[in-house]
Structures are given as C-alpha cells and as structure tokens.
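What follows is a single structure, written as structure tokens, with notes after it.
Chain identifiers are assigned alphabetically (A, B, ...) following the order of the sequence lines, protein sequences preceding nucleic acid strands; residue numbering begins at 1 within each chain.
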Amino acid sequence: MPRKSYIAAIQAALAEELRQDPNVILIGEDVRLGVFAGTRGLHAEFGDSRIVDTPISELGVAGAGIGAAATGLRPVVDLMFGTFLYLAFDQIANQAAAMRYMFGGQTRLPIVFMTQNGGGIGAGPHHSQPVHPFFMNLPLIKVVMPSTPYDVKGLLKAAIRDDNPVVFLNHLSLGSQRGEVPDEAYTLPLGKAEIKRAGRDLTVVAAGLMVHHALKAAAELAESGIEAEVVDLRTLKPWDEETVLASVERTGRCICVDESYPVCGGASEWAACISEKAFYALKAPVQRISNAHVPIPFSPTLEKMVIPQPAAIVAAAHRVMATTQIERN
Amino acid sequence: MEPNKLLDLYTRILRIRRFEEQVGTLFAQGQLPGFVHLYIGEEAVGAGVCALLRDDDYIVSTHRGHGHVLAKGGDMQRMMAELFGKRTGYCKGKGGSMHIADFSIGMLGACGIVGGGIPVAVGAGLSAKTRGTDQVAVSFFGDGAANEGSFHESLNLASALALPVLFVCENNQYGEFTPAIHAMNIRDIALRAQGYGIPGVIVDGTDALAVYDVAQEAVARARRGAGPTLIEAKTHRRGGHAEGEEAFLGGQQYRLADELAAARRNDPLLKLHTFIVESGLIPLETLETLDHEITQAVTDAVAFARASEAPDEAILYEDTWV
C-alpha cells in the first residue's frame, strides 16, 4: 500500500470529493496556495469557482459557508487554525448548530469546518489552544479528530458527504506523519472508534495526537508487563460509547487522555460516561489526563508541560494498576 | 407602475400590517409566549424589495422578521401557528417569532442575533454564483446590525467575490432602545458602502414606490453579475423594539420627539393608499375588498393556530441529525 503524509491524505480526500460532486466547494483564506499544503494543487484542477480564496474574515466566511450549504452546495470551509474558529463562533453556534432544528427540518447543512487543532509545535497561545470541547458541547455539530493519514482521508471524505455540519480537526503537529493510505476511494464511518492497539490490562481513550502519545506509553508499559488497549475515538461527537464501554468491561481500568482543559474537556466527558455506565466493571478509579489549565505557552519546554505526554499516561497506568493491587491485598 | 404591480405591492404591505396589528393585540392579551418585534411602520421596505424577487431568490431576515416572511409570500396560518408555538407552525414550534423560515419560497430564516443573518445571505449569493444561476440573495438588517462585525465582513466578502447580494439596511433609527445617532458618528449608513467599493443608496423607506425603484436597479445589477449593493432605507418603527417593552423600561422614555412625530406622519400604508387613490389606478372598492379578505385571512390564521395541537416529545427530538 502506498505511504502518504497526513497532509497528502487530506489533499487526496479533498481532490476525490471535489471530483465526484460538483457541489463540493472549498472556501477560505489562502486555499489556492494551500499554506499548510492540505489544499495545495486543487486550484489548478478545479479553478476559481470551486476553490474560493477569501479575505481573512472568519465570521463572514463561516456564515457564507452556512448560507451556501443551505442552498445546495457542500462547502468545506478552511479556517486554518482551531483558535480562529472562535472568530466564527457565532455563525457555527447560533446558525450551523441550530438552523435545521429551529426551522423545523426545512434544511440540511452539509458543511465541513476544517481546521488544525491543538499544539505541540511552539506556535504560541493563539495558534495552539485546542477548541474541540466547545464544539462537542453544541447540538447538531459533529466533531471529528483523526490521528493517522489513513483515518484522515476516510473520515474527511465521510464528513464532506455527511448532511450535517462537521467540525473537522486535523492535528497541527501530525501534518508530516506518514502512514499507509490506499489510492482507492474509501470512507470511514463517523462516530466509530478504532482500537489502535489491543491490550488486556487497561483502556486508554484518546483522539488525535494523544493516540500517538498513548501508543508510545503502551509500548513502554508492555516492557513492564502491562498491556494497554488504545481506543482511538476518531469522532468526538457523536462518540463511540459502545466500543469504549466494551473495552473497559474487558480491562476494568481506564485512562482518558485528551488535549484539552480538564473542565468540561474531552477526558471529563468520557470519564463521566464510563463511571456512570461501566461502574461495576471498574477495578480502579477512572483517570483523566488533560492539558494544564493555562494558555498554551510558547516555549517548547513549557508547552510540553501543558500538553499530556506519554510519561503522564505511563504514570497513570502504574497508578491504576497499583490501586488494584492495594484493593486485592 | 402598472396597476397589477401596484396592487401586488399594496397587498404585500397590507398583509403585513393586518397580521402585525393582530399579533400586537394577541401579545398584549398575553396569548403569545416569548418576545415579539413588530414590523409596523417598516412594511414598505420588505414589500418594495420582495415585490421584485422570484420564489427562487433568497432572503435572510432579522429578529423583526414577520414582515419579510409575508413580503416573500409566506403563509399566515403557518406563521401564526409558529407564534403560538404549535406543531403546525413553520418550524413545528421550535423557532418562534424570531426564527420563521420558508425554504420553499427562498426565505432562509429570521435570525435572533443582530447581524447574524448577513453572512448567511452572502453564502446564498455565493451558492447562486457557483451554481451559475441568476438568483439573488437579499439580506435585511437594521441600523444596529450595521455596527456588528458581521456586516462589515459580509460587505467586504460579497464585494471581493462580486456576489449577487442586496444588503438592505432598515434604518429605523434605534438599535433596541438606543438612538442610532448615539451609536455611530455618521448619519448615513449608506456611506459605509464606499469603504467596500460597492454602491450605497439612500431611500425613503416609508415610500414603497421609491424602495421598489431603488431595489429594481440593485436586483438588476446583482442578476447581471455586477455585484452587491447597499441600500439604506430610512424608516421608522411605529411601536417599540419589542412588544410589552414598557415592562423593561420602568417608565423611561427613549424616543426622540421629532422622530416620533415623523413616524406618525410617514405611514407607509397610508402613503401608498393615498398615492393609489389620487392616481386612480386602482378602484377604491378593490382596496376595500382586499382589506376585508386580508383581515379575514388573519382571523382565520389565529383560529388555525388556536385549534392546532402543541408539539409533542417526538418533535423535540426531530430535525436534529439527518
């Protein structure tokens, strides 16, 4: 199977969808040029009417995407950095997250708000703060956060074909990550998690960059005889409770790792659900690992302290294993 | 103007007036939940613009949106049922006064956020252009919205992309309870068009024929692909920002005395009525018959709304994910 970068997989997904449906358009700042390469080369094939460069105008562009989606197009709105979605928040929260419902089902909104979420490259507070919990909190919005080149292609294609608004969060620091990506067209269902590594002792729930940190932690834990199962949620809303709960029922221990803040963050949501629905399967308290509750600092040294690292997952794993030992003794 | 077009324009205004009068009465009687913002005094703007539009043209409205729905040809019964929160309403009771939409006639929705609908209209224009149709999109908004970022972003975006959009600012001279002249340091919002490289036109928004003329040119410009226009229609709110606002104001007055007098002098319905009578283009009996029919239709709409059932729990969870 050919190997591609995460960014190249995004390009492939966009090109395939633009080719197969004339109603798909791509709009946003610098989409022709493709500054982060995800949209590069598309203008040459699809031209001005499909690849629409816009002013730096997030609120206006997001709203325009919504109006276009309500009138027959399937726009992909490229908003570059997750934090820029704050500028578009009114349109996403008050329009995209409400329109279909508040108008009694008169419209569908097939729109993808695509951006790069999270930190890890020293981009500083305004370009590194993860935004996904805000959108997980909104009704009617799907939230997708892929971790691998294979996933990003299949999930982006599915998001574009979905008739609901989707916030699609590529990870800022995964762009050059390489992996196997078939040239053939395929989609991956939204709302389905994937077990990226099987293990009997504990479950790590993660998405995006945290999946890679969890896999690193799992490799280290295996050396001390602890087998961690890593569940990659892939879609944060609706999220695959079934797969996660089934895993926790098997392992009896769970660590939720999310690159977001602890208050109402991803880890908090998953942990609450697991505690509620798999309580009697638990051999130890569910652990949450989240970003430190500060803006994302610039210095790489400090940034690493904010974003959950593999070592924190390893430490939490030893903690839950030890808790079990104490209880057993 | 040809008599049939004139009658059409008059009909649109009268439908709005009689509907809104009834809504005001119902609200005062405590029969309607929530907030209600009436369009009385501003009817000539929505009617004058929408008289030029086709069913496949788009409009996006505001919190003061009943008039726009009716001007575009909306159904009174489904509107009234929505105001009562009934399942037979346009939005099954999930939108209410500030969120009525009728996609079947290009009415893409009223909007409870000031300025929130403007970018959506730009998107409808983008869609028309991308699909290669000659449809146009109209964004109605008020003077208050002209101070929102969404207004400025939208004008610039529509201008930069040469989109078929009409930005119709209904300057009723108050953003909620604050006079527009206290909220901006210019008198004419149309001036702002210059900053975005598009035509900005001022029109007497209480004169339906004048609005029609100005909008005709803007619609033609949009249809031929020449880009957007900002129309500032100077108008007046007959009533307050919201019905029952006295409850919030604690006896304070905020209307400027000369403006209130001007509002009374410049009634768009009376103006057009006077013009029609003086011109002799339409017989007076025709106007009277029309008024009876419309008044009856409003009465029927109320009866329909009252007789309709409230939405049930199944409706609560409908219309979420497709």
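- Across B/L157, B/V122, B/L126, the residue that shares the most heavy-atom pairs under 4.5 angstrom with chain A is B/L157.
- Distance alone, capped at 3.5 Å, places no donor-acceptor pair between the A/Y101 side chain and the B/Y317 backbone.
- With sequence neighbours excluded, no residue forms a ring-ring contact (aromatic ring centres under 6.0 Å, His included) with A/H132.
- The contact between A/D163 and chain B is made by backbone and side chain atoms together, counting heavy-atom distances below 4.5 Å.
- Environment of CZ in B/F35: sparse, with no more than 12 heavy atoms of neighbouring residues, nucleotides or ligands closer than 6.0 Å.
- Both the backbone and the side chain of B/L316 come within less than 4.5 Å of a heavy atom of chain A.
- For the residue pair B/E153 and A/S57, the shortest heavy atom distance occurs at OE1-OG, 2.9 Å.
- The shortest heavy-atom contact between A/P55 and B/N156 is CG-ND2, 3.6 Å.
- Contacts between B/A110 and chain A at a heavy-atom distance below 4.5 Å involve the backbone alone (N, CA, C, O).
- Using a 4.5 Å cut-off between heavy atoms, A/I141 touches chain B through its backbone atoms (N, CA, C, O) alone.
- In terms of non-hydrogen atom pairs under 4.5 Å with chain A, the most contact-rich of B/G106, B/G95, B/A101 is B/A101.
- In terms of non-hydrogen atom pairs under 4.5 Å with chain A, the most contact-rich of B/V322, B/L163, B/I113 is B/V322.
- Taking A/N94, A/N23, A/I66, A/I27 one by one and counting their heavy-atom pairs under 4.5 Å with chain B, the maximum is reached by A/N94.
- When heavy atoms are compared at a cutoff of 4.5 Å, B/A121 does not approach chain A at all.
- Between the side chain of A/Q106 and the main chain of B/Y90, a donor-acceptor pair closer than 3.5 Å is present.
- Contact annotation for B/Y58: only side-chain heavy atoms (C-beta onward) come within less than 4.5 Å of a heavy atom of chain A.
- In this structure, the portion of B/L161 lying under 4.5 Å from any heavy atom of chain A is its side chain and not its backbone.
- Interface residue A/P238: backbone and side-chain heavy atoms are both found under 4.5 Å from chain B.
- For A/Q91, the part sitting under 4.5 Å from any heavy atom of chain B is the side chain, from C-beta outward, and nothing else.
- In terms of heavy-atom proximity, A/R100 sits nearest to B/T320 at NE-O, 3.0 Å.
- Proximity to chain B (any heavy atom under 4.5 Å) is restricted, for A/D53, to the backbone atoms N, CA, C and O.
- Counting heavy-atom pairs under 4.5 Å between each of A/L140, A/T71, A/V52 and chain B puts A/T71 at the top.
- Although no hydrogens or angles enter the test, the distance criterion places no donor-acceptor pair under 3.5 Å between the side chain of A/Q95 and the main chain of B/V120.
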